[in-house]
Amino acid sequence: MSVRHVEISGAGFAGLTAAAAFAQRGWTVRVHERAPNLRTAGAGIFIFENGLKVLQAIGAYDDAVRGAHLTPARETRNAEGKLLARHPSRPNQRVYTIVRQQLLEAVADAARRAGAQILMGSEVVGATPAGVVSLSSGEMAKADLVIAADGVHSRIRDSQGLVRSRVKLGDGAIRILLPRNNDATDSIEEIVEHWSGKHRLLYVPCSKDWLYLALTTLNSDVEGKSLPLNTKAWGASFPHLRQLIDRIGNEGRWDEFEMIHLHRWSSGRVAVVGDAAHAQAPNLGQGGGCAMMNALGLAVAVEKEQDIQIALQQWEARERPLIEHTQRVSRLYSTVGRLPDSLRSVVFSFAGRSRWMVQQRMRTANHCPTGAL
Ligand SMILES: Cc1cc2nc3c(=O)[nH]c(=O)nc-3n(C[C@H](O)[C@H](O)[C@H](O)COP(=O)(O)OP(=O)(O)OC[C@H]3O[C@@H](n4cnc5c(N)ncnc54)[C@H](O)[C@@H]3O)c2cc1C
């Protein structure tokens, strides 16, 4: 059988995972990244058991978790710091929190080791269902499969008319990476989600050197989402964290959350994966996990079935229900976040103790991805 070829648009978690997984299955792989360098937006990232299994399958695990933070527990606390829920990690339900750049480079290195070519400063401007990509350089290339892993604003997806809905969720986050001082402001090793009114402050150790903070609020909260961070407003919401908030300075970027559903995840020889196909609010910390799972699942699908059209249908039928479940639960969490403080505390406290609700929230994390070892 002749060697098959894939062209991938986007060197984020979806595109690079696909690159590694396809190259490991004997495909020739070319990834196009329009940015001049391999850089990821944001600060730290949660990788649950499902994502860790994908990293293991593509040979990126050791580099990804080296020095990263294996969290002992995740906690939810109210404005006074009172504990509402605590989820201790178990050996088979690990959560690593990792500096994003480290994770991205680990996946890119695995892809290169497998033989994938990653071209920086290479922008994809179009693709056809016949499997032809056009680049901004004027080059056109034919492939057995084109993968659109080009994020929420995916140009290829839009050119194929695949979008069913694209909803701005009305909230967003400022993300910051701070060096750890190992003083009273950052000595806690648990991940803690602090809630106060519309403000949420997520405290996330990522390694012994780095602390990741995500400050979530409504898009309509002009004061809360302003940059540099309005330390007065955030300090007023979390008086017990004021010293930590005062350390933030000019760091940070704001991103609004959105959710994307497509009519189909493919069009002819073009497959759409990652945020381009199924962006979600980050409340479950699973957008990247789903992007990586789905990219690996795609490589497995086309390995097992030679007919690309059939393989793409089988891939979508197998992977889509869980990813849509993740999107739904994540959105529900946003809705609960908007409840008044007292009611939200009751809901979180109940949800933390309800076995069924914990199962719904953790279903993706506990899932064994297609192609995992
Ligand atoms: C506040 C926040 C917190 C989050 N926290 C977590 C978390 O803890 N855990 C988790 O799993 N997920 C998390 N996520 C979600 C996660 O960041 C995304 O789901 C993930 O980055 C999606 O990866 P991707 O590869 O699909 O897209 P992207 O990371 O957006 O990558 C797309 C790439 O394509 C490139 N590109 C775009 N257009 C072109 C083109 N025309 N040609 C060539 N290249 C192109 C872009 O430059 C980019 O590099 C969070 C998201 C947010 C907003």
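In this text, all values refer to a predicted model and were calculated from it rather than measured experimentally. Read the numbers this way: they start at 1 and go in the same order the structure lists the ligands and their atoms.
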Which atom pair, heavy atoms only, marks the closest approach of [X] to [Y]?
| X | Y | value |
| --- | --- | --- |
| Asp150 | Arg155 | OD2-N, 3.3 Å |
| Ser266 | Ala271 | CB-CA, 4.1 Å |
| Ile147 | Ala18 | CD1-CB, 3.9 Å |
| Glu251 | Leu227 | O-CD2, 4.1 Å |
| Arg247 | Thr185 | NH1-OG1, 2.8 Å |

Consider every N or O of [X] and every N or O of ligand 1, then say whether any pair is closer than 3.5 Å.
| X | value |
| --- | --- |
| Val273 | no |
| Gly15 | no |
| Gly288 | yes |
| Arg155 | no |
| Val152 | no |
| Gly287 | yes |
| Phe46 | yes |
| Glu33 | yes |
| Asp255 | no |

[X] heavy atom under 4.0 Å from ligand 1:
| X | value |
| --- | --- |
| Ser122 | yes |
| Ala214 | no |
| Arg100 | yes |
| Ala149 | yes |

- [ ] Evaluate the criterion side-chain hydrogen bond (donor to acceptor under 3.5 Å, both in side chains) for residue pair Asp209 and Ser207; output intermediate values, then yes/no.
- [x] CA-CA 5 Å; Asp209 298 323; Ser207 68; 4.8 Å; no
Identify, for [atom], the protein heavy atom at the shortest distance, and state residue, atom and that distance.
| atom | value |
| --- | --- |
| atom 53 (C) of ligand 1 | Arg175 NH2, 3.7 Å |
| atom 3 (C) of ligand 1 | Pro282 CB, 3.5 Å |
| atom 45 (C) of ligand 1 | Arg34 CG, 3.8 Å |
| atom 7 (C) of ligand 1 | Ile45 CG1, 3.4 Å |
| atom 26 (O) of ligand 1 | Asp275 N, 2.8 Å |
| atom 40 (C) of ligand 1 | Ser9 OG, 3.7 Å |
| atom 34 (O) of ligand 1 | Gly10 CA, 3.2 Å |
| atom 42 (N) of ligand 1 | Val124 N, 3.0 Å |

Evaluate the ring planes of [X] and [Y], with Trp represented by its six-membered ring, and classify them as parallel (under 30°), tilted (30 to 60°) or perpendicular (over 60°).
| X | Y | value |
| --- | --- | --- |
| Trp315 | Trp265 | tilted |
| Phe238 | His240 | perpendicular |
| Trp234 | His199 | parallel |

Open item on the list: Give the atom numbers and elements of ligand 1 that come within less than 4.0 Å of a heavy atom of Gly274.
Closed with: 26 (O)
Task: Gly289: numbered ligand 1 atoms lying under 4.0 Å from its heavy atoms - done: 11 (O)
- [ ] Check whether more than 12 heavy atoms from other residues, nucleotides or ligands sit under 6.0 Å from atom CG of Asn250, and answer yes or no.
- [x] no
TODO: Just go through Gly285, Ala276, Cys290, Gly12 and tell me whose heavy atom is the nearest to atom 29 (O) of ligand 1.
DONE: Gly12
TODO: Measure from atom 28 (P) of ligand 1 to every heavy atom in Ala281, Ala291, Gly151 and give the option owning the shortest one.
DONE: Gly151
Open item on the list: Does any part of the side chain of Glu189, heavy atoms only, come nearer than 4.5 Å to the side chain of Pro72, both counted from C-beta?
Closed with: yes
Task: Student check: side-chain heavy atoms of Arg264 and Leu162 closer than 4.5 Å - done: yes
Open item on the list: Quick check on side chain to side chain contact (heavy atoms under 4.5 Å, CB included): which of Val204, Leu211, Ile47 does Thr97 satisfy it with?
Closed with: Val204
Open item on the list: Please identify which of these residues, Ser136, Ser137, Ser122, meets the side chain to side chain contact (heavy atoms under 4.5 Å, CB included) condition with His32.
Closed with: Ser122
Open item on the list: Would you say Gln280 and His278 are linked by a side-chain donor-acceptor pair, where the criterion is simply a distance under 3.5 Å?
Closed with: no
Open item on the list: Please classify the Gln286 to ligand 1 contact at 4.0 Å (heavy-atom distances, strictly less than): side chain, backbone, both or neither.
Closed with: backbone
Open item on the list: One residue to check: Glu123. Relative to ligand 1, which of side chain, backbone, both or neither has a non-hydrogen atom less than 4.0 Å away?
Closed with: both
- [ ] State the CG-CG distance between Leu229 and Asp246, to the nearest 0.5 angstrom.
- [x] 9.5 Å
